[in-house]
There are 4 protein chains.
Amino acid sequence: MADQPTRARPGRKRSEESRQAILAAAADLVVEVGYAGLSIEGIATRSGAGKQTIYRWWPTKADVLLDALATKADLHIPVPDEGSYAADLRAFLVASFALGRNPHVVAVLRALMAEAQINADFGDRFRASFIRRRRDALAVILDRASARGDLPPTPRPGTVADIIFGVIWYRLLTTPDPVDRRLADELVATLAGAR
Amino acid sequence: MADQPTRARPGRKRSEESRQAILAAAADLVVEVGYAGLSIEGIATRSGAGKQTIYRWWPTKADVLLDALATKADLHIPVPDEGSYAADLRAFLVASFALGRNPHVVAVLRALMAEAQINADFGDRFRASFIRRRRDALAVILDRASARGDLPPTPRPGTVADIIFGVIWYRLLTTPDPVDRRLADELVATLAGAR
Amino acid sequence: MADQPTRARPGRKRSEESRQAILAAAADLVVEVGYAGLSIEGIATRSGAGKQTIYRWWPTKADVLLDALATKADLHIPVPDEGSYAADLRAFLVASFALGRNPHVVAVLRALMAEAQINADFGDRFRASFIRRRRDALAVILDRASARGDLPPTPRPGTVADIIFGVIWYRLLTTPDPVDRRLADELVATLAGAR
Amino acid sequence: MADQPTRARPGRKRSEESRQAILAAAADLVVEVGYAGLSIEGIATRSGAGKQTIYRWWPTKADVLLDALATKADLHIPVPDEGSYAADLRAFLVASFALGRNPHVVAVLRALMAEAQINADFGDRFRASFIRRRRDALAVILDRASARGDLPPTPRPGTVADIIFGVIWYRLLTTPDPVDRRLADELVATLAGAR
DNA sequence: GAATAAGCGAGACGGTACGTCAAGTCTTCTA
DNA sequence: TAGAAGACTTGACGTACCGTCTCGCTTATTC
């Protein structure tokens, strides 16, 4: 089977202590100096790790940050069945907007989306992990609605996702205002119909 | 008397030749080496200008690029009265999507939006120029629809703008696929109603 | 004679006001920021002159400083006949050492001697003006002593000058200590004999 | 325990290869382009070293040159006992003058003395290393003469040093002529008496 | 009195080098 | 073999001045 216990290799094992120190240092530093001011060198110094140790495990500072975010913040979006498409959608939006209330998380997300534009390799990783996971979560809701026959013919599911994530990211990227409940209501009304 | 023809200042005049050379070099280089590989130093070398000349007139490489974009590409969105809200909206979307078909323009827009996240000062300038101008163009259409009594109560105009620009930017930033006419139709149907 | 009144040329005359302002600014600035920190740009700004005006009349900042020194400080060394070689020599040394008591003058002289090493063209000008004039003054004393039959056969006059100016410059360039009367006495005793 | 073999520090060791390349490049370049045309940037390029490597180990280009001089040229002045003060002095002068016959060494010494005037920090280092070492060498001779009772009461030892180094430096700094044996004889006669 | 000819302050220009920062790699010692 | 330390080459940063080149304006001489 593919999942052999990976034949324990010789040599010292990866230090979990270092890993945590590096992720913590990255998370702290990005708050203190901003993403532009963040550097591998700075993370190494702050965490007490050697630069090589960081380069061994993460390709860029954005990957460190993405790892720190996944480790620290709870990015999991639960999609319990709320009984109707509209209710499911509202629950999803409210849960998503909650993340937007933590300014540190927002700052990191903006930086990661920015890096994804500038560095194509990181962009692939970011899309494959963060972006795709979010779309998958929403897809569960849309599939459920479809099975229920609850889904309007227009817009198509893919476009619904584009609209929802589009609005969230657009506000994240262009305004300092937090997204609010009223916006959630408008989106539900627009997408799930006035029922 | 107010508005005198700005009392000619002493000193040598700004060189339009240099300005053009710098903008052209920036536009060329970003295609060749990408935004991450773009540098003030490179622009200076390629354009034959001194670095100081660039720093004198633009604060960052992103500002040079924004200027180059505004000078070269036609970013103006016309908003002629097409007779109805739905028709106006469709025209606006089609015109906007057209920009998305030029890969060079798309690449620059992604880079500028990225820079806007990383550099707060440039973010302010980018929002105040590019982002705001686009919203203003759309506002004309929304005002016209409102005057006509053509505007649905939900979503509010601000949210309509968030949805439209949200979808455009989200697709720009997360997929290599060009936006297409079908997406425009779906958005019109969703926002202007199936009337 | 060669010195025709140079057929008055047309055009505006050199501004004596500017000249004075430039020399004064240079003299002030070298005290404030030191020779290394002195710049043509700085002199222009401080004096209210244009850079071109400075470049029109002086080739380097050292030349400005040399001019300022000649204009401001009294660099003339009187060589009155004191009756004997020893007395003449002592008078010359005392007068020379007096200059060394003004720290501003000392600082400028050190800078000019330094520049003369680094910039060969200025070196020629410095030697032809300052250095040579000082040697000429001393030569008057040595000629007088020679005519009197007062001059020891060793060292030769040229070497006497080398010793005297050598000691003065060496102390100027390598120690912060001011030269003093005792040194003058020792030199006179050594060079004019114990008579 | 004092003087342990300096407990081997972690980290990569200083590259002797780089050091040599930098000193050689500096020595070569100063000949080719002169001290004014010498730059850290140029030394880095020529030597194949990074600028940072130079800045890590030397504060200024003058320090690089001083190091190159000490490494390359034999600046050591031997002071063997020649039997008498006059003989010792003559030997010292002849050995010193020999250095003055190498135009490259002369050019560097002039530049270093110049830099010492312009940059106070380097001045301290230059005096503490080069200047002081030379005076110490001469002091050995003067002490020996004093012990022998061979030393005239005037001039004092300090003044003898001022005269000797004064003449050497003055000629170095103000004339292109090499110092010669005849000058040595005159100085010996003047300072050690005609005995 | 017009034309011509400097000189002037201002300031933009193409350059060169500065000294710094960080990148990513390499080497050494220790766990 | 991993990790901390730290030196290495590389490349760009943003700044300071260099010396030159327009500008518009002022002051002089010449026709």
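Each chain gets a letter, A, B and so on, in the order the sequences are listed, and its residues count up from 1.
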Using a 4.0 Å heavy-atom cut-off across all strands, classify Ser39(C) as base, sugar-phosphate, or nothing. sugar-phosphate
Would you mind telling me which residue lines up with the more 5' stretch of DNA chain F, Ser47(A) or Arg56(D), judged by nearest nucleotide? Ser47(A)
Mind checking Gly42(B) for me? I need base, sugar-phosphate or nothing, with any heavy atom below 4.0 Å counting as a touch. nothing
With respect to the side chain of Lys13(C), which nucleotide from dC26(E), dT29(F), dG14(F) is positioned closest? dT29(F)
Tyr55(D) OH to dT10(F) C1', straight-line distance once rounded to whole Å: 15 Å
Between Glu32(B) and Arg46(B), does any NZ, NE, NH1 or NH2 come within less than 4.0 Å of an OD or OE carboxylate oxygen? yes
With a cut-off of under 6.0 Å to the ring centre and 45° to the axis, is Arg19(D) in cation-pi contact with Trp57(D)? no
Can you measure Leu29(A) atom CG to dA22(E) atom P for me and round it to whole angstrom units? 11 Å
Integer-rounded Å distance: dT20(F) P and Gln52(C) CD: 8 Å
Is Ala49(D) touching bases, backbone alone, or none of the nucleic acid, heavy atoms closer than 4.0 Å? sugar-phosphate
Is Arg12(A) side chain donor-acceptor paired with the dA2(F) base, going by distance under 3.5 Å alone? yes
By the 4.0 Å heavy-atom rule, please label Arg14(A) as base, sugar-phosphate, or nothing. sugar-phosphate
Closest of dA5(F), dC8(F), dA10(E) to the Pro10(B) side chain is dA10(E)
5' precedence on DNA chain E between Ile22(B) and Glu41(B) (nearest-nucleotide basis): Ile22(B)
Need one value for Lys51(B): base, sugar-phosphate or nothing, where a base atom within 4.0 Å counts as base even if backbone is also close, heavy atoms only. base
Separation between OG1 (Thr45(C)) and NZ (Lys51(C)), nearest 0.5 Å, reads 9.0 Å
Between Thr60(C) and Gly48(D), just flag the one whose closest nucleotide in DNA chain F comes earlier from the 5' side. Gly48(D)
By nearest-nucleotide position on DNA chain E, the 5'-leaning member of Ile40(A) and Gly11(D) is Ile40(A)
Ser18(B) vs dG14(E): side-chain N/O to OP1/OP2 distance below 4.0 Å: yes
Whole-Å gap separating C1' (dG7(E)) and CD (Glu16(C)): 14 Å
From dC8(F), dC18(E), dT29(F), nucleotide with atom closest to Thr53(D) side chain: dC8(F)
Check whether any side-chain heavy atom of Pro59(A) sits under 4.5 Å from a side-chain heavy atom of Asp121(A), and report yes or no. no
Can you tell me the distance, in whole Å, between the CH2 atom of Trp57(D) and the C1' atom of dC8(F)? 11 Å
In whole Å, what is the span from the CD1 atom of Ile54(C) to the P atom of dC17(F)? 13 Å
No-hydrogen, no-angle side-chain donor-acceptor test under 3.5 Å, Tyr35(D) and Gln117(C): no
Separation of atom CD in Glu17(C) from atom C1' in dT27(F), rounded to whole Å: 14 Å
Working to the nearest 0.5 Å, report the span between OG1 of Thr60(B) and CG of Leu112(B). 9.0 Å
Atom pair distance, as rounded to whole Å: CH2 in Trp58(C) and P in dG19(F): 15 Å
